[in-house]
Amino acid sequence: MAEPRSTRQSPAKCIAAMLLVLVLVLAIVVLIWLFLHPSNLRFSVDHAAAAGFNLTAAGALTGAFDLTLRSYNWNERAAVSYRALEVGVWYDGEYLAGAQAPGFFQPPENETRIDVATRAAPGPLPRDVEDAIKRERSRSGKLTVDVHVRAKARFRYGVASTRRYTVRASCPAVVVDFAAPTKFDRVYCHVHI
């Protein structure tokens with residue numbers, strides 16, 4: 001009686017099969033990425049004003065900066081779920097004020113307005129920063145600050161959601177007018193995810 005022959009795959013066929021599976025998996029990943037890839041989010045500062053702004057004799061800042069931010073989600077398929085937003089106001093590299101805005105859900109192709117009152121940071125400012133603020137305010141009645149926003153966000157596609165991303169927005173040269181501002185020029189932010 002003849003012994004049954006064992007069918008043994010050649011190494012070339014095994015390598016070809018593994019390469020085919022790898023190419024198929026890669027093609028599926030690329031197609032999913034192309035279909036679900038979120039476009040960049042956008043932020044802007046639509047209004048900025050100072051409330052109770054004052055420098056004390058000890059060099060500390062009092063008051064708040066009232067900011068109106070706008071978040072743009074231009075994705076056609078992806079909604080964005082934000083945790084709390086951390087908003088900071090900076091002048092010449094020095095932290096002046098900050099606050100936390102509550103998180104929110106933003107549907108696809110949506111604009112959301114966020115009002116934030118950033119309270120002055122405790123403690124005195126460095127002397128050179130204090131002098132620069134006084135000089136700029138007395139010369140023009142305005143103060144040019146940078147606004148930074150940091151938030152944790154997830155993109156949602158129906159019931160599926162991505163991992164949590166850190167969204168950072170930097171809004172340079174936001175002009176705060178201490179007089180009654182009649183007009184404010186929107187400042188668009190640089191957003192990094």
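Model, not experiment: these values are computed from the prediction. Positions are given from 1 along the sequence.
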Exercise. Run the numbers on Y95 and L125 for side-chain contact (heavy atoms from CB on, under 4.5 Å), then give the verdict.
Key: CA-CA 9 Å; Y95 180 75; L125 296 170; over 6 Å; no

If you apply the rule side-chain contact (heavy atoms from CB on, under 4.5 Å), what do you find for R137 with F53, and how did you get there?
CA-CA 11 Å; R137 182 179 178 190; F53 183 88; 3.2 Å; yes

Go through the steps for D115 and L67 under the test side-chain contact (heavy atoms from CB on, under 4.5 Å), then give the verdict. CA-CA 6 Å; D115 293 317; L67 304 171; over 6 Å; no

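F65 and A97 make their closest contact through CD1-CB, 3.8 Å (heavy atoms, listed as atom of the first residue, atom of the second, distance). S71 and I114 make their closest contact through CB-CD1, 4.0 Å (heavy atoms, listed as atom of the first residue, atom of the second, distance). Here the closest heavy-atom approach between residue A51 and residue D66 is recorded as CB-OD2, 3.6 Å. Residues A79 and P107 approach most closely at CB-CA, 4.0 Å, considering heavy atoms. Of all non-hydrogen atoms in V176 and A49, the two that sit nearest each other are CG1-C, 3.8 Å. N73 approaches P108 most closely through the heavy-atom pair ND2-CA, 3.7 Å.
Placement of V175 and V149 in two distinct hydrophobic clusters is found when ILVMFWY residues are connected by side-chain heavy-atom separations under 4.5 Å, directly or transitively. Under the 4.5 Å side-chain heavy-atom criterion for grouping Ile, Leu, Val, Met, Phe, Trp and Tyr, L96 is connected to V187 within one hydrophobic cluster. Linking ILVMFWY side-chain heavy atoms closer than 4.5 Å, directly or via other members, places W90 and L61 in two distinct hydrophobic clusters. Cluster annotation: V174 and V129 are assigned to the same hydrophobic cluster (Ile/Leu/Val/Met/Phe/Trp/Tyr, side-chain heavy-atom contacts under 4.5 Å, transitive).
With salt bridges taken as basic N to acidic carboxylate O contacts below 4.0 Å, none links E136 and R139.
Proximity of S44 to R186: side-chain heavy atoms (C-beta onward) are separated by under 4.5 Å at one or more points. Looking only at side-chain heavy atoms (C-beta outward), F178 and L143 come within less than 4.5 Å of each other. Between C189 and V147 there is no side-chain heavy-atom pair separated by less than 4.5 Å. Residues K134 and L55 are in side-chain contact: their nearest non-hydrogen atoms beyond the backbone lie under 4.5 Å apart.
Residue pairs meeting the side-chain hydrogen bond (donor to acceptor under 3.5 Å, both in side chains) criterion with at least one partner in residues 158-169, sequence neighbours excluded, are K152-T166. Listed by first and then second residue, the ring-ring contact (aromatic ring centres under 6.0 Å, His included) pairs involving residues 103-131 are Y82-F104 (not counting sequence neighbours).
Take Y72 and apply the ring-ring contact (aromatic ring centres under 6.0 Å, His included) test, not counting sequence neighbours, and it matches W74.
Considering CZ of R70 and NE2 of H47, their distance stands at 12.5 Å, rounded to 0.5 Å. Expressed to the nearest 0.5 Å, how far CG of N75 lies from CD of Q106 amounts to 9.0 Å. Atom CG of D46 and atom CG of D185 lie 11.0 Å apart (nearest 0.5 Å). Separation of atoms OH (Y91) and CG (D146) is listed at 10.5 Å; rounding is to 0.5 Å. A distance of 10.0 Å separates CD in Q100 from CZ in R83, rounded to the nearest 0.5 Å. In this structure, NE2 on H192 lies 12.5 Å from CG on L41, to the nearest 0.5 angstrom.
Under the 3.5 Å distance criterion, with hydrogens and angles disregarded, a donor-acceptor pair is assigned to the side chains of H148 and S170. Between the side chains of T56 and N54, not a single donor N or O lies within less than 3.5 Å of an accepting N or O.
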